[in-house]
Enquirer: 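This is the structure I want to talk about, given as structure tokens.
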There are 2 protein chains.
Amino acid sequence: MANKRIERRTDALSKERIVEAAIAILDSDGENALTFRALAARLATGAGAIYWHVADKDELLAAATNDIIARAMADVTAGAEPREAIRAIALGLFDAIDLHPWAGTRLSREPFEPAMLLVSEGIGGRLLALGVPERERFNAWSVLVSYIVGAAGQNAANARRLPRETDRSAFLGGVAAQWEQLDPARYPFVRKLAAKLRDHDDREQFLAGIDLILAGIATVR
Amino acid sequence: MANKRIERRTDALSKERIVEAAIAILDSDGENALTFRALAARLATGAGAIYWHVADKDELLAAATNDIIARAMADVTAGAEPREAIRAIALGLFDAIDLHPWAGTRLSREPFEPAMLLVSEGIGGRLLALGVPERERFNAWSVLVSYIVGAAGQNAANARRLPRETDRSAFLGGVAAQWEQLDPARYPFVRKLAAKLRDHDDREQFLAGIDLILAGIATVR
DNA sequence: ACCTGAACACCGTTCAAGT
DNA sequence: ACCTGAACACCGTTCAAGT
């Protein structure tokens, strides 16, 4: 009978279970909390056992990041309109990285993770649909992917450093206050930026960047 | 006589000397080589002595990064034409981060370093000169700075992982070969990208991204 | 005031020993 | 084949003790 084994501990180690546990630790306690000792404790095993399934910490982070990106891309519902589809993909990644900032850190340094192929193909296909000429496709793809990964990672790093909403307001308010006290002769632009810094929405700002890039791409069509 | 003291050891510790030594270690041996023990050895002192001048490793990295950016910005000769000036600033940062990849890593996570004010003001002032309307200035500034820091950091991370030119060719060749073997039905765009990947110039690619963004900004003028 | 260096509380990774 | 956990070679940081 199948349910004879229902009480059986199903916790034999596997790469999937290890990666799953790693993601849980990374999400709840941050990058510094992911140690082989903490991971072993959570999996109720010895630290060395993990090395039977995973080569080292780098492979662990790579697998965890790949999971996050693959899931995020699977959740994206990109419609037929190419510009909207690119925005949807970009926002999907932005939100995933916002939720899993450590994945953003990893991605900025290792942009050739397998799951990034889904992102590249998703965006690239829409560039074709937009009629971007061959000679500009590489550059258009490159600027979009660089911006998405870079800006999303930077945003998530900020958010992680300032866990609560009040922390964020206080921090940005503090930076803005500093900016407003800069020498007006030397920093006229930054001084005027201060007000916007205080009450901008990160997601909107990110998307506005995508739109500006798409507008630029449209000019080389 | 002044030269009576010429033989005198001038190596009293100071934050500047410590930061200078840290930059030397980071540049020659990479991020992982910067330890307080290595730093103390190079400065011929005890590890703990450094803490008298620097609060912790974070402050050390912040100061080192700030030095690099400030120097790079001081070296930029930005002419009167706004678009050219923005390109010059962007390239100055790109080259500095290429030379000091660890600064790129730091900058992607801590974009509010003081020296970045010079970058923001330099770019922002040119956006004013370009006639970017008030409501678009924040977004235009944001997309440029995010892209510059993000793309330069990603490029430098790649370059650091592949120290020699042949390593880089081999790596990109390998990635391109993988891309060419992808299922044409699922990855038509990425497959076609492979050829470009093999022989592109990173600096040109970066600059092409700046140009696309500037073209987008021009459309909202 | 500034420096020394041992000590503390960690790490990632290895490996002999177990089952 | 897979797991255990002590051991190794490191870290950043602290701090009593020196000058």
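Naming: A, B, ... by sequence-line order, numbering from 1 per chain. FYI, side chains are in, hydrogens and waters are out, and symmetry mates aren't considered; it's all heavy atoms of this structure.
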Enquirer: Can you list the residues that meet the side chain to side chain contact (heavy atoms under 4.5 Å, CB included) rule with Phe171(A), with sequence neighbours excluded?
Expert: Arg161(A), Leu162(A), Val175(A), Phe112(B)

Enquirer: Could you give the CG-to-P distance, from Leu13(B) to dC3(C), as a whole number of Å?
Expert: 5 Å

Enquirer: Report the secondary structure of DNA chain C in dot-bracket form, marking unpaired bases with a dot and bases paired to a different strand with |, and treating Watson-Crick or G-U pairs with both distances under 3.5 Å as paired.
Expert: ||.|||||...|||||.||

Enquirer: Categorize Ile50(B) for me: base, sugar-phosphate, or nothing, with a 4.0 angstrom heavy-atom threshold over every strand shown.
Expert: nothing

Enquirer: Any luck finding a side-chain donor-acceptor pair between Arg198(B) and Ser169(B) under 3.5 Å?
Expert: no

Enquirer: Is any side-chain nitrogen or oxygen of Trp52(B) closer than 4.0 Å to OP1 or OP2 of dC2(C)?
Expert: yes

Enquirer: From C-beta outward on Thr35(A), which listed nucleotide comes closest to its side chain: dC11(D), dC11(C), dA1(C)?
Expert: dC11(C)

Enquirer: Leu39(B) near the nucleic acid: base, sugar-phosphate alone, or nothing, with a heavy-atom cut-off under 4.0 Å?
Expert: nothing

Enquirer: Over how many whole Å does the gap from Ile18(A) atom CD1 to dC3(D) atom C1' extend?
Expert: 11 Å

Enquirer: May I have the distance from Asn32(B) (atom CG) to dG12(C) (atom P), rounded to whole angstrom?
Expert: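 Atom CG in Asn32(B) sits about 13 Å away from atom P in dG12(C).
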
Enquirer: Between His53(B) and dA1(C), is there a contact of a side-chain N or O with OP1 or OP2 at under 4.0 Å?
Expert: no

Enquirer: Taking the ring centre of each residue, are Tyr147(A) and Tyr147(B) less than 6.0 Å apart?
Expert: no

Enquirer: Kindly point out which of dT13(D), dC3(C), dG12(C) is positioned nearest to the side chain of Ala49(B)?
Expert: dC3(C)

Enquirer: Among side-chain atoms of Ser108(B) and Gln154(A), is any donor-acceptor pair under 3.5 angstrom?
Expert: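 There is no such pair (donor and acceptor under 3.5 Å, judged by atom type) between the side chains of Ser108(B) and Gln154(A).
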
Enquirer: Given atom CG of Leu34(B) and atom P of dT13(D), what is their separation to the nearest angstrom?
Expert: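 From Leu34(B) CG to dT13(D) P: 11 Å.
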
